[in-house]
Structure formats: structure tokens, C-alpha cells
Amino acid sequence: MAKQKASPPGAVRRRLGGAGASAVGWALRVATSIVAWTLLLHLFTFLGVPRPPLPIARPSCLGGRNNSTAAEAVVAAGEAAHRVPPALPPRRLYKSNGYLLVSCNGGLNQMRAAICDMVTVARYLNLTMVIPELDKQSFWADPSDFGDIFYVSHFIDSLRDEVKIVKELPRKFREKVPLSMQPISWSSEKYYLRQILPLVRKHKVVRFSKTDSRLANNGLPLKLQKLRCYVNYNALRFTPSIEALGNKMVSILRRTGSFIVLHLRYEMDMLAFSGCTHGCSDEETEELTRMRYAYPWWKEKEIDSEKKRLEGLCPLTPGETTLVLKALGFPRDTRIYIASGEIYGGEKRLAVLKTEFPNVVRKEMLLSDDELGPFQKHSTQMAALDYLVSVASDVFIPSNDGNMAKVVEGHRRFTGFHKTIQLDRKKLVELIDLFEDQELSWEEFSVGVKELHMGRMSQPTRRRVIPGQPKEEDYFYANPHECLGPARKRMERLKHIEI
């Protein structure tokens, strides 16, 4: 059977005539718009940046149905694009030098940063990485696995053009006892190249038994620094159930306008570990001391609480935090979300804060028992909910300079330098003591607090580098300046990191 010869576009137009040609032209334009919009949404998903809003049809001064029909077609195309899975990046092909097992330690944000570092190490050394194991032995004894907190398939797929990540070791390696070791803290990429790579090549499977702070803050190649950011801000997403609940809380908080998050790190484990007992009764101090001695891996036992407080190494108490919020000028009706576990001393210790700022809320006040129930015995998953609300808040104020405070600050810098007030606790306790001893008036105290924090609002700045003292430096994840500004907007895909 002979094939029919396709008519040229011009012949089609002549055959259809005027009205038909207009209809075809309109249909082609709509179809082209739909395809272009769908491709644009895929591009934004691939780059890891927020999707642009769907175009909204404006009413035509001419009236008629065509405008609304076209708008409905574009909206339908956008909704369809949301349902289509994003295109996967091409898989990176490389000869693997061995398998890397990772046992994270610490709380959610300590583990989060460690995972970013270990992906970067695996990429640099051309290793195959197994999904990380999370800490189940810490104070919180949270049984959550990686997949209970993070979106596993997205983690693997979004990094497939960087490093191969598998859910478990191949069968032939499962009976092999891996070489277990703790990398040296704050190490450069050269340490991993010269010391670790030969071990992996020899043993084929290596387990890092501790992973926190095992990669230097500074001095790494730019591509490695950007990869750490890409893992943190794109690849490490929480599970859909955690994301949905966190977004719901943010939506509820937004209904009444702006809100601030107070990361009130006044929990039993923090006070026991740090030895900070200012404002506690003798009975509470004894309880916290007993707890500190009960955990052998908490190395510091004999602690002078007042000396530590005056050095700025203790979290502010709820009462001290209340004074600071008032001095900074937050109005009485400010909506405050408290991101923390159970406050030591319970409602009694929060009484002063709630008296001065009655619009205080927590997870339990925003969600039903049925919604929150599955998370309540999993402290790391609860911390993930707090993390989402903290990143989305108008102002974030941590009362202590811990891992969550640092990692959230960095995330807020990355998303547009949103305000994080970095409290100078050493100078604050001096001002608070002077005020409480009536050596400063309220006006003098308030002015002093405001002046003290004018330059501590997450303004763009470079990290502080202290050669030979990495613990005293600014933390990479609190201020990943290599990834901010134009570098953040473009978020280049990181290719060809050669050994």
C-alpha cells in the first residue's frame, strides 16, 4: 500500500481556510505554551530551585470564553507537570575503589552535616556509599533509620551523577568484616586521598564509626564545598510525611501573620551534659549531676556552672531569654514557636516567658494527637519537624550555639539571608546580671542588648578562619559562603572532580 505524501504546512493552511486556520493556530499556540511550561517546571525541579508560580489569567476587557479556556489549559498543564516525576540526572559511570559504610553519631543536625561530608568524601575517592546508619545509642535512644527521616529514593537519585549510593552491600561482601575506623577530625581532602584511599583499595569495605566533624571547614576545593551544599540543600529531603506535617504547621502559623522560632535549648540532656545549672534548685542540680555521671562517654564531669555561664558557654534560661526578647523590642503579641524537646522544669519554668509573651505555641498545640502520635517516641523525627518550621520562620533565635542552631542558620542564609539572631551569651549574661542587680535601668539594658546584636543578624559575611584551631573557627554549615549569592542561584552541577 502506497504511503500518502504528507501535505506541507502551507497546503494545510490553504485547505482549512480562514476560520479553520485560526483554530489550528490557536491550538498550536496553546500546545506550545503547555509544552514550554512543562519543560520549564522540569528544569526548575532539576536545578533544585523553587518552581515559578503558574500564570494567572487576567480578565479581558473584551470578555468572552477564550481567555479562561486558555488559562485553564495552562493550569492543567502545570498540574500535570507536578504529577510527572522529574527527569533523573544521567548516572555517573566510574570504577569504584570500594564501599563506604557510615555510622553517624549525635542528634539530627550533627548527623545531617556528617552525611553531607561523607557523600563528599565518597565522591572524591570514587567510592560506592551505602545508605548511612543513624545513631541509636545516644541519650535519645531513637530507633529511627535513615529512611524513617530522609527520603531515600530522592537521596539516591539526586546524587546519581555524583556518586553511586546503594541500600546495602552486595551479597559477596556481606560476610566480610569491614575495616572499622574513626577518621581524624577536621581533615582536608588530602588526608582522605593519602591515608584513607589506600585502606579502602586494600580492604574493599571500610566503616567510619564516627562521622561528625571529620572534614575541614576551610581550605577544601571549591567543587567539594559546593557538593556539601548540594547534598544538604537538595539531596537531603525529609520523608513526605514529615514534610507534609512541617508544611502544615508553617501554614497554621502563617494564618495570623509573621512568627518567630525560639530554639530554647533548655532540656535535661543539654543541662546535664554542659553542667549549666544557673537558676536550678539544689534538687535539680543533683539530678543533672547524676545524669552526667551516668553517661561514660560524656567526658567532662566536674563543672563549675557559674564560671561556664560567665564564659558564655551555657544556654540562656527561659527567664533570661524573656528579658532578651523584650529588650530587642519584640511586641507582647509576637507569635513564638518553641522548637525544642521537653523543657527542664516544665510549664513552671516557662511561666515567665508565657506571661510576657502569651502567644507561645508548640507542636502539640498545632497538631492533633493522631497527627503527632507516630512521631512522639522518635526524637529525631520530632526534631525534623522543628527544623522545617525553623527554616521557614521570619526570625530564628537559638538560645544556645548547638548543631541545630548552626545548621538552621546556614540553611536560612542559603535561602536568602533570613534573619537569625546570634545571641552573644557572654556579654548578655553580664548585662542581665547588671540589670538584675539594679546597676542598669531598663532603658540602659535594652539599648545595650540592641547595640550588642546589630551586627549579629546573619548579614552576609565570610567564615572566620583560625589556622590550627578548627574548633574555634566558624562552622561551615552555619555559613557556607562559597554556595551563597550567585553561586547559590545557579547551583552548578558538580562534575569532573578528579583524584
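Index from 1, following the sequence. It should be emphasised that the depicted structure is a prediction, and the values quoted were computed from it without experimental measurement.
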With a 4.5 Å heavy-atom cut-off, do [X] and [Y] have their side chains touching?
X      : Y      : answer
Ser390 : His263 : no
Glu436 : Ile432 : yes
Lys426 : Leu310 : no
Phe155 : Val231 : yes
Asn479 : Asp474 : no
Asp401 : Gln422 : no
Tyr192 : Leu215 : yes
Leu366 : Leu253 : yes

Tell me whether [X] is salt-bridged to [Y], with the criterion being a basic N under 4.0 Å from an acidic carboxylate O.
X      : Y      : result
Arg309 : Glu320 : yes
Glu133 : Arg207 : yes
Arg292 : Glu287 : no
Glu243 : Arg237 : no
Glu371 : Lys248 : yes
Arg413 : Glu409 : yes
Glu472 : Arg464 : no

Any luck finding a side-chain donor-acceptor pair between [X] and [Y] under 3.5 Å?
X      : Y      : answer
Thr289 : Glu286 : no
Glu356 : Thr322 : no
Arg335 : Thr256 : yes
Arg412 : Ser393 : yes

Does [Y] have [X] sitting over its ring (NZ/CZ under 6.0 Å from centre, angle to axis within 45°)?
X      : Y      : result
Lys406 : Tyr475 : yes
Lys419 : Phe396 : no
Arg362 : Tyr337 : no

Run the salt bridge (Lys or Arg N to Asp or Glu O under 4.0 Å) test on Lys427 and Glu451 for me, step by step, so that the C-alpha distance in whole Å, both residues' side-chain angles and the decisive distance to 0.1 Å come before the verdict.
CA-CA 11 Å; Lys427 293 180 180 177; Glu451 289 180 348; over 6 Å; no
Assess whether salt bridge (Lys or Arg N to Asp or Glu O under 4.0 Å) is satisfied between Arg463 and Glu473, documenting all intermediate values.
CA-CA 8 Å; Arg463 284 192 309 278; Glu473 293 180 326; over 6 Å; no
Of Asp145, Asp148, Asp142, which meets salt bridge (Lys or Arg N to Asp or Glu O under 4.0 Å) against Lys136?
Asp145
Have a look at Asp117 and tell me which of Arg112, Arg123, Arg214, Arg228 forms a salt bridge (Lys or Arg N to Asp or Glu O under 4.0 Å) with it.
Arg228
Verify the ring-centre separation between Phe273 and Tyr295: is it less than 6.0 angstrom?
no
Looking at Cys229 and Cys116, is the distance between their SG atoms under 2.5 Å?
no
Looking at every non-hydrogen atom in both residues, tell me the closest pair between [X] and [Y] and how far apart they are.
X      : Y      : value
Thr285 : Cys280 : OG1-CB, 3.9 Å
Asn234 : Ser158 : OD1-CB, 3.9 Å
Pro315 : Leu271 : CG-CD2, 4.1 Å
Leu220 : Ser188 : CD2-CA, 3.9 Å
Asp135 : Gly106 : OD2-N, 2.8 Å
Ser209 : Gln182 : OG-CG, 3.0 Å

Using modelled atom types only, decide if a donor and an acceptor are shared between the side chain of Thr355 and the backbone of Ala351 within a distance under 3.5 Å.
yes
Residues, nucleotides or ligands: over 12 heavy atoms within 6.0 Å of [X] [atom1]:
X      : atom1 : answer
Lys301 : NZ    : yes
Glu342 : CD    : no
Glu443 : CD    : no
Gln438 : CD    : no
Lys210 : NZ    : no
Asp437 : CG    : yes
Arg332 : CZ    : yes
Lys167 : NZ    : no

Partner residues of His411 under the ring pair (Phe, Tyr, Trp, His ring centres under 6.0 Å) criterion, sequence neighbours left out
Tyr233, Tyr387
Interatomic distance, [X] atom [atom1] to [Y] atom [atom2] [nearest 0.5 angstrom]:
X      : Y      : atom1 : atom2 : result
Leu353 : Glu347 : CG    : CD    : 10.0 Å
Leu328 : Leu423 : CG    : CG    : 7.5 Å
Glu189 : Gln225 : CD    : CD    : 9.5 Å
Trp298 : Asp269 : CH2   : CG    : 5.5 Å
Leu264 : Ser399 : CG    : OG    : 4.5 Å
Thr120 : Met129 : OG1   : CE    : 9.0 Å

Could you go through Glu482 and Arg462, starting from their C-alpha distance and side-chain angles, then the distance that decides it, and tell me whether this counts as salt bridge (Lys or Arg N to Asp or Glu O under 4.0 Å)?
CA-CA 9 Å; Glu482 297 92 335; Arg462 297 187 72 82; over 6 Å; no
For Glu267 and Arg265, run salt bridge (Lys or Arg N to Asp or Glu O under 4.0 Å): C-alpha distance rounded to whole Å, both residues' side-chain angles, the deciding distance at 0.1 Å, then the answer.
CA-CA 6 Å; Glu267 297 141 320; Arg265 194 67 168 95; 2.3 Å; yes
On the 0 to 90° scale, with breaks at 30° and 60°, tag the Phe150-Phe238 ring pair as parallel, tilted or perpendicular.
parallel
Could you check Ser213 against Ser185 for side chain to side chain donor-acceptor pair (under 3.5 Å), going step by step and ending with a plain yes or no?
CA-CA 6 Å; Ser213 304; Ser185 298; over 6 Å; no
